[in-house]
Amino acid sequence: MAQKKFDVIVVGAGASGAIVASELAQQGLKVVCLDKGPAYTDEDFKMKFDEIRYYARGAIIPNMTSDPMTWREGSKDSSKLLPWVDGPLGTVNPLHLPPSLGTGGGSIHWGGACWRFRETEFTMKSTIEERLGKDFLPEDNTLEDWPISYQDLEPYYDRVEWDLGISGRGNNIAGEEHLSKNPWEAPRARDYPMPPLRQGPADQRFAEACSRLGFHPFRTAAAIASEPFKDRSGCTYCGFCHGYACHVNAKTSTHVATLPDGLKSGNLEVRDYCRVYKVNMSNDGSRATGVSYYDPQGRSVDIEADRVVLACYALENARLMLASGINKNGQVGKHLMTHAFGFFMGLTPESSNPFMGPLVASTAIEDFSGELVHDYDPSVFWGAPIISWPGDYQPLEIAQAMPENAPRWGAGFRDWMKDNYTRIWAMYSQTANIPTHETYVDLDPNRKDQYGQPVLRMTHGWSEMDQRAVEFLLKQKRKIAAEMNLTTWWEETSNPDYHLSTHEVGTHRMGENPATSVVDIFGRSHEVNNLFVIGGGQFPSYHGYNPTQTIQALAYMTVDQMLDKPMMSRVLPSMESLLDLAGGRHGNG
Amino acid sequence: MALTYFTDFQAKTVEAVAERIIPANGDDAGATEAGVVYYIDRSVTGFSVNLQRIYRLGLRELERYCSDLFHAQFHELETDQQDEIVRDLLGPEVIETSASPASGQLPEPLDQDIVDDGHRRLADSSVRVDREILRRLFAVIREHTVEGYFCDPVYGGNRDTVGWKLVGFPGAQWGYTAEQMKPGFDASTIVIKTLSDLRRDLSKMTDNKQYYSNEVK
């Protein structure tokens with residue numbers, strides 16, 4: 001039975017969906033936002049200091065029973081339920097599943113690492129070809145340059161920072177060059193609205209070691225309020241952050257940062273525990289008429305709207321389109337990209353108190369980011385920042401992150417935890433796989449979920465070239481570790497067993513050519529012109545940065561388009577000089 | 001303390017296995033003192049109800065295995081005999097991998113005599129046991145023991161926060177001050193708090209902003 005007609009249906013109340021739903025409602029459109037998880041209130045997370053509930057038992061994330069997903073390394077392999085999340089207890093490490101469910105989505109559980117992509121990231125493919133040769137990339141790669149530039153996105157990055165609340169220190173503000181610590185930051189119109197977070201206890205050791213090595217350490221930006229922001233509290237540094245919700249709403253989760261304004265307008269209705277399973281189409285297939293979903297009682301409900309926005313993560317967006325038969329050009333689900341983290345953990349000589357503060361109370365270096373890495377090692381296709389991870393570690397997480405050669409049980413296990421837990425410190429980087437014809441998602445022909453809906457199947461492996469980038473950064477991390485006087489350290493392999501990092505992108509690529517992409521730069525489907533499919537799935541290439549700030553900037557672009565507003569593209573005076581810098585060689589390599 | 005799932009005998013067995021996973025040493029509490037078995041017992045009647053079968057079948061098999069091999073029950077054995085069984089079913093304490101990642105130092109090698117003795121005994125025996133269910137049981141107990149040792153005490157384990165005391169974790173804290181976050185700060189001076197303590201605090205607080213202003217000056 002069809003219910004009343006809305007102006008807009010938004011599927012997913014997460015990092016991007018909540019922005020679109022809230023902004024459109026505030027402009028007077030009648031919006032319904034559906035999420036398959038719960039609608040959270042402040043009361044829900046006041047007592048969130050519970051590693052069993054949130055980490056060990058994954059209270060706010062999907063699991064393989066409710067939301068099964070399969071994986072295989074290559075097209076010729078058979079698929080199985082994600083093997084890297086199949087522990088003895090049948091529970092999982094929340095980092096390697098799709099993001100949290102419910103209002104706020106992935107922005108509830110995230111660590112809050114915020115990055116603007118550098119200018120060259122938007123021209124990654126042509127930059128590689130220019131610097132390393134046309135034949136450098138593997139023959140079957142499907143990389144593309146972005147159809148928009150950094151200048152197009154700058155005003156929207158700014159909006160994420162000032163509307164939602166991001167803390168940090170801008171390094172490249174016109175007229176404020178004296179503040180600069182990161183010579184490679186893209187130019188920005190103004191600083192962040194809040195100063196950087198207080199540093200985690202061992203972060204200073206990392207920063208000093210990087211300085212001694214001739215690198216350029218700077219404070220990372222964070223989607224965490226460092227001081228009271230709007231009606232939200234500043235961070236209390238409780239150390240239950242990534243994988244947890246915030247008890248004071250300091251974390252910039254969209255369920256507190258934007259959804260309340262939409263609800264206040266009276267034009268937004270949020271329906272929780274509603275699982276959309278199909279986009280419904282007009283008879284000629286040219287327009288979306290609405291969606292069908294299972295309500296909390298498991299009944300199928302149809303609703304109608306003038307426009308439909310899918311904002312339920314790169315993976316579920318692709319699954320929904322495929323399950324709805326929206327894929328005339330065969331591009332949906334292709335070009336899957338995700339991150340390998342190159343996790344590097346070690347022990348500091350003095351206590352690091354790794355339970356204090358969020359993981360983003362940190363410092364990073366960009367000396368090996370993007371194309372800069374070519375000056376050090378031209379066999380590495382693309383580089384990434386190296387980022388300190390000084391806090392946010394509870395004992396269970398560390399017990400699961402011990403080095404492979406540490407005792408797993410017995411007196412040795414007990415003593416390892418006793419001697420080492422308070423000296424834990426980590427760093428990581430994020431390098432993406434090169435998308436090829438062998439990295440994609442589709443519907444698994446052999447598996448259905450509990451509602452009888454087809455399950456998503458990932459096909460993804462780490463190529464030699466992907467692994468070389470991880471290995472190069474591991475080498476730099478070893479140098480830093482030695483300079484930090486870490487007494488011991490251990491590393492994740494450059495060929496990790498996971499293929500899901502909560503950073504999946506590329507599966508509904510944006511582009512100008514309707515034959516080779518799924519959506520346009522505003523996330524509007526080429527095939528169905530009143531359907532928007534937004535999120536990291538839009539990315540045509542992927543790099544060394546956490547995706548969320550860019551996902552949210554793109555969401556604000558979508559909002560402007562849906563409201564018929566012009567794009568806010570901005571060229572800053574400092575952009576010219578920065579382009580000169582970007583090609584130059586810096587550091588001590 | 002009463003049990004919600006295990007029989008007394010099963011609980012004794014699980015407790016003895018857990019104590020080998022995290023054994024006591026002088027002032028350092030082991031799994032028994034931490035009440036790990038009560039964490040596990042409550043887990044299998046709650047969140048991990050799906051694991052009841054592994055516990056029931058696995059513990060039955062372990063009983064047979066111990067009777068046949070040692071003519072005694074697991075909890076009655078000497079600790080080195082218990083360790084031998086754990087080693088057999090869970091694998092050695094330290095797994096040697098050819099592709100061990102680069103690392104600054106290696107742990108102490110195993111006492112080879114103990115390993116050899118265990119292998120001899122097991123090879124000699126004519127016992128036919130369902131090793132698959134036993135391996136699964138021990139893998140589950142290992143994970144459950146670590147959880148029960150480091151969980152908030154509200155879950156039944158980590159009694160008197162002995163697990164947190166061992167490693168130096170202050171538990172559930174509303175936040176940390178700038179002073180406490182200075183490099184090298186001695187965090188053992190911070191009073192350990194549990195979820196029960198925070199719930200008590202909560203009744204005295206009126207709004208969210210108070211956590212920030214009260215705790216993080």
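We name chains A, B, ... by the order of the sequence lines, and we start the count at 1 in each one. Quick caveat: nothing in here was measured; it's all calculated off a predicted structure.
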Student: Among Glu350(A), Met417(A), Arg408(A), which residue forms the greatest number of heavy-atom pairs with chain B at distances under 4.5 Å?
Tutor: Arg408(A)
Student: Is Tyr39(B) close to chain A through its backbone or its side chain, or both, or neither, when contacts mean heavy atoms under 4.5 Å?
Tutor: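 Contact with chain A is through the side chain of Tyr39(B) alone.
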Student: Among Thr145(B), Leu166(B), Ile54(B), Thr194(B), which residue forms the greatest number of heavy-atom pairs with chain A at distances under 4.5 Å?
Tutor: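 With the most close heavy-atom pairs to chain A, the winner is Leu166(B).
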Student: Please state whether the side chain, the backbone, both or neither of Arg136(B) comes within less than 4.5 Å of a heavy atom of chain A.
Tutor: neither
Student: With only heavy atoms counted, which part of Ile190(B) is less than 4.5 Å from chain A, the side chain, the backbone, both or neither?
Tutor: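 Just the side chain, heavy atoms under 4.5 Å.
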Student: Taking the cut-offs as 6.0 angstrom to the six-membered ring centre and 45 degrees off its axis, would you call Arg42(B) and Tyr155(B) a cation-pi pair?
Tutor: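 Not flagged: Arg42(B) not positioned over aromatic ring of Tyr155(B).
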Student: Checking Ala31(B) against chain A: side chain, backbone, both or neither under 4.5 Å from a heavy atom?
Tutor: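 Neither part.
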Student: So, for Phe343(A) and Trp389(A), is the gap between ring centers shorter than 6.0 Å?
Tutor: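 Judged by ring-centre distance (under 6.0 Å), Phe343(A) and Trp389(A) do meet the cut-off.
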Student: What part of Ser43(B) is in contact with chain A, defined as an atom under 4.5 angstrom from a non-hydrogen atom: side chain, backbone, both or neither?
Tutor: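 Both the backbone and the side chain of Ser43(B) come within 4.5 Å of chain A.
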Student: By a 4.5 Å heavy-atom criterion (distance strictly below it), what part of Phe355(A) contacts chain B: side chain, backbone, both, or neither?
Tutor: both
Student: Side chain, backbone, both or neither: which part of Arg205(A) has a non-hydrogen atom closer than 4.5 Å to chain B?
Tutor: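 Contact with chain B: none, neither part.
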Student: Do Trp164(B) and Phe150(B) have ring centroids that are under 6.0 Å from one another?
Tutor: no
Student: Could you tell me if the ring centre of Trp416(A) sits under 6.0 Å from that of Trp409(A)?
Tutor: no
Student: I want to know whether Phe344(A) and Tyr428(A) have ring centres closer than 6.0 Å.
Tutor: no
Student: Hey, which of Ile22(B), Val86(B), Leu51(B), Val146(B) has the most heavy atom pairs under 4.5 Å with chain A?
Tutor: Val86(B)
Student: With only heavy atoms counted, which part of Leu90(B) is less than 4.5 Å from chain A, the side chain, the backbone, both or neither?
Tutor: both
Student: Which atoms of Ala411(A) are under 4.5 Å from chain B, going by heavy atoms: the side chain, the backbone, both sets, or neither?
Tutor: both
Student: Is it the side chain or the backbone of Gln173(B) that comes within 4.5 Å of chain A heavy atoms, both, or neither?
Tutor: backbone
Student: Quick check on the 6.0 Å ring-centre criterion: do Tyr498(A) and Trp84(A) meet it?
Tutor: no
Student: Hey, are the side chains of Cys246(A) and Val248(A) touching, using non-hydrogen atoms and a 4.5 Å cut-off?
Tutor: yes
Student: Picking from Met181(B), Glu147(B), Arg199(B), which has the most non-hydrogen pairs under 4.5 angstrom with chain A?
Tutor: Met181(B)
Student: For Gln199(A), is it the side chain, the backbone, both, or neither that has a heavy atom closer than 4.5 Å to a heavy atom of chain B?
Tutor: backbone
Student: ring-ring contact (aromatic ring centres under 6.0 Å, His included) with Tyr54(A): which of Phe240(A), Tyr244(A), Phe49(A)?
Tutor: Tyr244(A)
Student: Please confirm whether the backbone N or O of Pro62(A) pairs with a side-chain atom of Ser66(A), one donor and one acceptor, at under 3.5 Å?
Tutor: no
Student: Do NZ/NE/NH1/NH2 and the carboxylate oxygens of Glu471(A) and Arg478(A) come within less than 4.0 Å?
Tutor: yes
Student: Measuring heavy-atom distances to chain A, does Leu195(B) have an atom under 4.5 Å in its side chain, in its backbone, in both, or in neither?
Tutor: both
Student: Which one, Arg414(A), Arg53(A), Gln204(A), Lys48(A), leads in non-hydrogen pairs under 4.5 Å with chain B?
Tutor: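 Winner by heavy-atom pair count: Arg414(A).
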Student: Does a salt bridge link Asp160(B) with Lys165(B), judged by any charged N lying under 4.0 Å from a carboxylate O?
Tutor: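 Judged by the 4.0 Å cut-off on N to carboxylate O distance, Asp160(B) and Lys165(B) do not form a salt bridge.
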